[in-house]
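Only one structure is covered here, and it is reproduced in the block below.
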Amino acid sequence: MPTPENPEATSGLPASASSSAASADASSAPAAAEPPSAPKPGDSYVQSFARGLEVICSFSASAPQQTLSEVAAQTGLTRAGARRILLTLQTLGYVETDGKLFRLSPRILDLGFAYLSSLPMWNLAEPVMEDLVEQVRESSSAAVLDGLDIVYVLRVPTHKIMRTNLGVGSRLPAPWTSMGRVLLAGLSDDELQARLSTLELHPFTAHTAADLPTLLERIRQARTQGWCLVNQELEEGLISIAAPLTNRAGQTVAALNISGQANRTSAELMQQTLLPPLLRAAQTISRMMGAARR
């Protein structure tokens, strides 16, 4: 699983309304309504199910095994509540325990593969990506957008000793990856601004676009040119180039990339030699996706 994961928080952009108008309304109305608060669970919200998902998500590469107390602390549940959920997940086969430590079982993969198997386009994409990797001798991946993260849904590694430790299900911050910028470029300006308003901007490397204007400029450049190259912005030494995968309506639904090591593949060389076969592969997959849905 990947190391750099989810650097998402607040950018400090103004989002609150003025309080003076609210106080004026309150003085003139005898029973002014309270301002809207965070959504509360209703009849259509199954809180116990949501808490079960929180327990599952509390396990990670940094916390592969946890005690009952650790799960409760991670999720904000009581020990009794966490225990009931863990034992339910154990009964269903999604959690294992040695009596003290709990860990996810391999059966948890069924939940992720249910998503992949519901989208036959990845079966179509894999042989195209295998041909691409054979041609360029670099790894290729496909990803989708989830909030401000990209999630890897398909990866074809190259046969080299040094490989990036990424696989299906890996998550990386979208604004500083080539696939992420391609996917963000597919959003409307309003949706793009809304998502980036929750982003914490900070440098991962000396090359990171760590201010909002620069980030927006690079995302819009990706939208204009139809591809994106990111050079060592997320991690020193890693370089990648990506193109969009589109549906029949021309909407970006996923992204395809080629990744490599900056010490052997410069940005100029990647653009000159790897971009043309990448674009051809992306167009082939996009056509196949459109044909498969007719």
Please list, chain by chain and in numerical order, all residues satisfying side chain to side chain contact (heavy atoms under 4.5 Å, CB included) with S58, sequence neighbours excluded. Q66, V71, Q74, T75
Are V95 and L104 packed together at the side-chain level, in the sense that at least one heavy-atom pair is separated by less than 4.5 angstrom? yes
Would you call the rings of W176 and H202 parallel, tilted or perpendicular, taking 30° and 60° as the class edges? tilted
Residues that E191 engages under salt bridge (charged side-chain N to carboxylate O under 4.0 Å, His left out), provided they are two or more places apart: R195
Treating S139 as the side-chain partner and T158 as the backbone partner, does any N or O pair qualify as donor plus acceptor under 3.5 Å? yes
Is a donor on one side and an acceptor on the other found under 3.5 Å between the side chain of D146 and the backbone of D149? no
If you look at every heavy atom in S141 and R155, which pair is closest and at what distance? OG-NH1, 2.6 Å
Between I258 and V133, is there a side-chain heavy-atom distance shorter than 4.5 Å? no
If you look at every heavy atom in R264 and L269, which pair is closest and at what distance? O-CD2, 4.3 Å
Do we see a donor-acceptor contact under 3.5 Å between the side chains of S60 and S62? yes
Side chains of Q261 and L238 in contact at under 4.5 Å (non-hydrogen atoms): yes
Distance-minimising heavy-atom pair for L245 and S286: CA-OG, 3.5 Å
Step by step, would you call M270 with L278 a side-chain contact (heavy atoms from CB on, under 4.5 Å)? CA-CA 10 Å; M270 181 167 271; L278 172 69; over 6 Å; no
dist L145:CG -> M179:CE (nearest 0.5 Å) comes out at 11.0 Å
Kindly compute the distance separating CG (L234) from CD1 (I239), expressed to the nearest 0.5 Å. 13.5 Å
Residues 83-101 vs salt bridge (charged side-chain N to carboxylate O under 4.0 Å, His left out), sequence neighbours excluded, gives E96-R103
Beyond-backbone contact of T67 with L101, side-chain heavy atoms, under 4.5 angstrom: yes
Answer yes if V230 and L275 sit in the same cluster of Ile, Leu, Val, Met, Phe, Trp and Tyr residues linked by side chain heavy atoms under 4.5 Å apart, and no otherwise. no
Main chain of A210, side chain of T208: is a donor-acceptor contact present, judged purely on distance under 3.5 Å? no
Given the rule that I, L, V, M, F, W and Y join up when any side-chain heavy atoms are under 4.5 Å apart, are L279 and V253 in one cluster? yes
Donor-acceptor contact below 3.5 Å, side chain E233 vs main chain A209: yes
Roughly how far, to the nearest 0.5 Å, is the CG atom of L187 from the CG atom of L196? 8.5 Å
Should I219 and L201 be regarded as members of a common hydrophobic cluster, given that ILVMFWY residues are connected when their side-chain heavy atoms come within less than 4.5 Å of each other, either directly or indirectly? yes
Test N257 against T177 for side-chain contact (heavy atoms from CB on, under 4.5 Å), laying out the working first. CA-CA 10 Å; N257 88 341; T177 62; over 6 Å; no
Can you measure from CG (L215) to CZ (R181) and round to the nearest 0.5 angstrom? 5.5 Å
With side chains defined as the heavy atoms from C-beta onward, is the minimum distance between V128 and M288 less than 4.5 Å? yes
So, taking the atom named CD1 in I85 and the one named CD in Q90, what distance separates them when rounded to the nearest 0.5 Å? 14.0 Å
Please test Q65 against E70 for side-chain contact (heavy atoms from CB on, under 4.5 Å), starting from the C-alpha separation and ending with a verdict. CA-CA 9 Å; Q65 298 186 97; E70 288 170 338; over 6 Å; no
Any salt bridge between R280 and D131, counting N to O under 4.0 Å? no
Same apolar cluster: V151 and V182, side chain cutoff 4.5 Å: no
Looking at side-chain heavy atoms only, is the closest gap between Y152 and L172 below 4.5 Å? yes
side-chain contact (heavy atoms from CB on, under 4.5 Å) between S259 and E138: does it pass, once the steps are laid out? CA-CA 6 Å; S259 58; E138 297 287 2; over 6 Å; no
Looking only at heavy atoms, the pair that brings A281 and L132 closest together is CB-CD2, 4.0 Å
Is there a side-chain contact between L89 and V55 in this structure, where contact means two heavy atoms from C-beta onward sitting under 4.5 Å apart? yes
Could you tell me whether the side chain of L274 reaches within less than 4.5 Å of the side chain of T265, counting heavy atoms only? yes
Where the side chain of S105 meets the backbone of G93, is there a donor-acceptor pair that is under 3.5 Å apart? yes
To the nearest 0.5 Å, atom CG of L87 lies from atom CG of L92 at 11.0 Å
Is it true that a side-chain atom of R171 and a backbone atom of I150 form a donor plus acceptor pair closer than 3.5 Å? no
